[in-house]
Number of protein chains: 2
Amino acid sequence: MSGKKPIGRPANQDASTALKAVALRLVRELGYEKVSVSEIIEQAGVARQTLYNRWNTKADLVLEAVFEQTNTYAAEPSWDGAEDCRTLLEGFLIRIFEHLRIDGDTLRALIAASQQDAKFHKSFHANFVLPREEMITALLRRAQDHGELSPGRNVETLSALIHGAFWYRLLNRGVLDAGFAKEIVAETFA
Amino acid sequence: MSGKKPIGRPANQDASTALKAVALRLVRELGYEKVSVSEIIEQAGVARQTLYNRWNTKADLVLEAVFEQTNTYAAEPSWDGAEDCRTLLEGFLIRIFEHLRIDGDTLRALIAASQQDAKFHKSFHANFVLPREEMITALLRRAQDHGELSPGRNVETLSALIHGAFWYRLLNRGVLDAGFAKEIVAETFA
DNA sequence: TTGATCATTAGACTGCCGTCCACTAACTAC
DNA sequence: GTAGTTAGTGGACGGCAGTCTAATGATCAA
């Protein structure tokens with residue numbers, strides 16, 4: 001598939017990377033709400049329309065900018081280590097929480113934005129929410145296979161409980177640290 | 001205390017009730033985002049400033065309007081029934097979920113708004129979030145006292161897990177029904 | 001070269017929230 | 001009564017996100 005040369009003026013890739021870089025920097029510096037689109041395009045040196053050619057909203061741009069970083073942070077836990085699933089889950093949560101120390105405020109803003117824009121909610125859910133949910137359910141299922149977790153437990157509900165716990169803390173600006181991760185795991189496997 | 005006559009022109013109570021009634025109706029009809037302040041004040045027949053004399057933002061007004069309704073819906077579970085705590089918790093969650101069928105979308109919008117306005121977050125947390133969280137922790141503590149729940153479990157963490165589960169479902173537009181309530185309780189007491 | 005197609009630019013424009021202002025209305029204290 | 005204080009009215013205003021337009025630029029196909 002493809003090999004087809006696209007017709008018309010090609011999109012300027014530098015503009016995209018500049019926009020993402022500026023957006024990520026400004027959002028981390030000032031916070032999502034305080035960064036205006038005008039400020040972003042000015043510092044990136046492009047026109048307003050150029051931004052909206054690639055992303056539907058400010059939230060889409062910031063999501064993509066953060067997403068590239070996040071994938072390097074919170075990758076899947078190494079599957080083949082000698083550790084048990086409980087330790088794997090704990091490490092996975094701890095790594096997520098560490099990343100949230102940097103981008104937690106931005107993520108809060110994106111969750112808020114996703115409640116206000118149905119289209120953005122879809123892509124946010126597909127790119128951010130679902131993948132993480134699936135990692136946890138897979139981990140829990142593996143724990144069941146290994147006999148670490150009773151086969152009678154409902155893995156989907158457990159996953160909702162675990163994810164919900166840190167969403168709840170995040171949105172209520174509670175503490176998200178290794179201690180909380182340990183407690184979550186302890187209650188899950190209790 | 002009081003008996004002191006306040007000085008100056010007294011606030012028109014009708015304006016407040018009209019604003020709350022109109023806001024609640026419009027928000028339920030059209031959804032929070034689609035209702036503009038201009039529409040609310042026009043239908044309530046008051047000036048813009050009158051609204052902002054009583055509430056800081058649209059979110060504050062809607063919160064209060066919904067809050068009055070919610071208190072009639074999701075009151076504390078009757079403490080002295082013969083039921084066990086597990087059943088109490090289940091009934092409590094089911095009643096919350098029923099109310100969310102009506103105002104769930106509005107609550108989602110308010111949660112979003114609370115992420116974008118620190119002052120509103122404070123009052124939202126104090127009026128809405130904390131009271132419910134305390135009801136659940138109290139219920140869980142009681143379950144420990146009655147021997148229904150192991151005394152080794154961390155009640156605060158469990159409460160975060162339970163609340164988080166339905167926040168997570170709510171914000172991701174998942175299904176919130178009696179079945180989910182039962183599953184939550186089952187996993188909590190597992 | 002010429003025409004078609006898509007990207008970029010600068011800027012005007014709409015609709016929104018929340019603020020501000022000048023004026024008027026209602027009430028208390030004296 | 002009159003002065004002081006607070007609330008309500010109507011409308012202007014500023015700042016924001018996102019849309020739209022007209023002109024220019026870059027690339028491919030014939």
Side-chain angles (χ1 to χ4, degrees), chain A residues 2-20 22-23 26-27 30-63 109-110 112-121 123, chain B residues 2-20 22-23 26-27 30-63 109-110 112-121 123:
Chain A
S2 89
K4 270 284 184 56
K5 282 261 167 141
I7 205 152
R9 176 174 177 171
N12 179 6
Q13 195 52 46
D14 293 349
S16 297
T17 55
L19 281 166
K20 282 187 280 190
V22 169
L26 284 180
V27 159
L30 310 172
Y32 183 87
E33 314 292 341
K34 295 213 191 304
V35 178
S36 69
V37 169
S38 300
E39 184 73 20
I40 294 175
I41 60 174
E42 188 183 331
Q43 292 206 19
V46 304
R48 197 175 192 75
Q49 186 58 42
T50 302
L51 191 160
Y52 287 103
N53 280 346
R54 293 166 172 69
W55 297 280
N56 289 324
T57 64
K58 186 174 84 165
D60 286 278
L61 163 60
V62 173
L63 171 61
L110 290 179
S114 78
Q115 304 304 314
Q116 293 160 343
D117 179 341
K119 265 200 295 189
F120 177 63
H121 185 274
S123 85
Chain B
S2 89
K4 271 285 182 56
K5 284 261 168 140
I7 205 155
R9 176 174 176 170
N12 178 6
Q13 196 51 46
D14 293 349
S16 298
T17 54
L19 281 166
K20 282 186 280 189
V22 169
L26 284 180
V27 159
L30 310 172
Y32 183 88
E33 313 293 341
K34 295 212 190 302
V35 178
S36 70
V37 168
S38 301
E39 184 72 20
I40 295 175
I41 60 173
E42 189 184 330
Q43 293 206 17
V46 303
R48 197 175 193 74
Q49 186 59 41
T50 302
L51 191 161
Y52 287 103
N53 279 346
R54 294 167 172 68
W55 296 280
N56 289 323
T57 64
K58 184 173 84 166
D60 286 278
L61 163 60
V62 173
L63 171 62
L110 290 178
S114 78
Q115 303 305 313
Q116 293 160 341
D117 180 339
K119 264 200 295 188
F120 177 64
H121 185 274
S123 84

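All values below were derived from every heavy atom in this structure, side-chain atoms included, with hydrogens, water molecules and symmetry-related copies excluded. Model, not experiment: these values are computed from the prediction. Note on naming: letters A, B, ... go to the chains in the order of the sequence lines (proteins, then strands), and numbering restarts at 1 for each one.
As a whole-Å value, the separation of A/Lys119 NZ from D/dA17 C1' is 14 Å. Atoms CG (A/Asp60) and P (D/dT19) sit 11 Å apart, rounded to a whole Å. Nucleotide D/dG11 holds its P atom 12 Å from the CD atom of B/Glu42, rounded to whole Å. In this entry the distance linking CD1 of A/Ile41 with P of D/dC16 reads 12 Å, nearest Å. Protein atom CG of A/Leu51 is 14 Å distant from nucleotide atom P of C/dA10, rounded to whole Å. The CH2 atom of A/Trp55 sits 13 Å away from the P atom of D/dG18 (whole-angstrom rounding). Rounded to an integer number of Å, the gap from CG of B/Asn53 to P of D/dT6 is 13 Å.
For B/Lys58 and B/Tyr32, the positive end sits near the middle of the six-membered ring, less than 6.0 Å away and at most 45° from its axis.
The minimum heavy-atom distance linking B/Asn12 with B/Arg54 is given by the pair O-NH2, 3.0 Å. When all heavy atoms are compared, the tightest approach of A/His121 to A/Ser114 is CB-O, 3.2 Å. Nearest approach of A/Ser123 to A/Asp60, heavy atoms of both residues: OG-OD1, 3.7 Å. For A/Thr57 against A/Tyr52, the heavy-atom pair with the smallest separation is CA-CE2, 4.3 Å. Shown here for A/Ala59 and A/Ala113, the closest heavy-atom pair between the two residues is CB-CB, 3.9 Å.
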Worksheet item: Quick one: what's the B/S/- string for nucleotides 17-27 of chain C, heavy-atom cutoff under 4.0 Å, read 5' to 3'?
Response: BBBB----BBB

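A close approach under 4.0 Å does not occur between any side-chain nitrogen or oxygen of B/Arg54 and OP1 or OP2 of D/dT6.
The CG atom of B/Leu51 sits 9.0 Å away from the CD atom of B/Gln49 when rounded to the nearest 0.5 Å.
Of the residues in residues 13-20 of chain A, none has a non-hydrogen atom less than 4.0 angstrom from any atom of DNA chain C.
Counting heavy atoms from C-beta on, the side chains of A/Val22 and A/Ile41 never come closer than 4.5 Å.
For A/Phe120, the ring pair (Phe, Tyr, Trp, His ring centres under 6.0 Å) criterion is met by A/Phe124, not counting sequence neighbours.
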